[in-house]
Amino acid sequence: MGKDYQTKAGELKQGLDQRQVEERNKILALIKQSIDSFAEKEKYDVIMNAGSVVYLKNTDQEISNKIVEIVSKIK
């Protein structure tokens with residue numbers, strides 16, 4: 001009985017993990033689509049992840065909130 005439980009629990013966890021990856025990929029695709037659209041519309045040549053930037057003097061270039069708004073409208 002214990003092995004049956006472990007097997008079923010393992011299968012459930014595997015299914016849950018797979019579903020999480022699928023949903024994460026959907027969200028990331030929406031974000032990428034929104035960034036691409038924004039960059040084209042606003043004539044940006046480069047958009048970088050905040051973790052890639054060591055220093056940025058002009059904080060007016062922060063577009064995260066604008067991208068969140070775009071993604072929210074798509075959903």
Side-chain angles (χ1 to χ4, degrees):
M1 187 176 266
K3 287 197 179 229
D4 287 342
Y5 173 76
Q6 287 179 345
T7 301
K8 288 181 181 183
E11 291 172 357
L12 182 61
K13 183 178 180 338
Q14 187 178 17
L16 180 62
D17 291 346
Q18 182 179 354
R19 185 76 170 120
Q20 285 178 327
V21 168
E22 290 170 1
E23 289 302 314
R24 184 180 308 120
N25 287 343
K26 286 180 188 177
I27 292 169
L28 291 174
L30 284 174
I31 292 169
K32 182 177 180 342
Q33 177 186 0
S34 298
I35 291 170
D36 292 347
S37 172
F38 178 83
E40 187 174 325
K41 179 181 173 193
E42 299 295 324
K43 309 278 191 255
Y44 276 78
D45 293 326
V46 176
I47 294 181
M48 299 178 74
N49 179 308
S52 302
V53 178
V54 176
Y55 175 78
L56 178 64
K57 183 175 182 177
N58 185 354
T59 57
D60 291 341
Q61 298 300 315
E62 174 60 46
I63 64 168
S64 297
N65 290 334
K66 294 174 185 176
I67 299 302
V68 170
E69 287 178 27
I70 295 169
V71 170
S72 296
K73 288 178 184 176
I74 291 173
K75 267 193 128 189

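If you read the sequence from its start, that first residue is 1, and numbering goes on from there.
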Are [X] and [Y] close enough for a salt bridge, meaning some N to O gap below 4.0 Å?
X: D4; Y: K8; result: no
X: K26; Y: E23; result: yes
X: E69; Y: K66; result: no

- Item | Straight-line distance of S52 OG to I47 CD1, nearest 0.5 Å | 12.5 Å
- Spacing of CD belonging to Q20 relative to CG belonging to L16, to within rounding of 0.5 Å: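 The distance works out to 4.5 Å.
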- Message: Let me check something: do I27 and I74 share a hydrophobic cluster, defined by ILVMFWY side-chain heavy atoms less than 4.5 Å apart, either directly or through other members?
- Response: yes
- Query: Do T7 side-chain atoms and K3 backbone N/O form a donor-acceptor pair below 3.5 Å?
  - Reply: yes
- Audit row: Y44, I35, side-chain contact (heavy atoms from CB on, under 4.5 Å) steps and yes/no: CA-CA 10 Å; Y44 276 78; I35 291 170; over 6 Å; no
- Query: Is the count of non-hydrogen atoms from other residues, nucleotides or ligands lying under 6.0 Å from N65 atom CG greater than 12?
  - Reply: no
- Message: If you apply the rule side-chain contact (heavy atoms from CB on, under 4.5 Å), what do you find for M48 with V46, and how did you get there?
- Response: CA-CA 6 Å; M48 299 178 74; V46 176; 3.6 Å; yes
- Could you go through the side-chain contact (heavy atoms from CB on, under 4.5 Å) check for E22 and Q18 one step at a time? CA-CA 6 Å; E22 290 170 1; Q18 182 179 354; 3.5 Å; yes
- Query: Hey, does I67 have a side-chain heavy atom less than 4.5 Å from the side chain of V71?
  - Reply: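 Yes, their side chains come closer than 4.5 Å.
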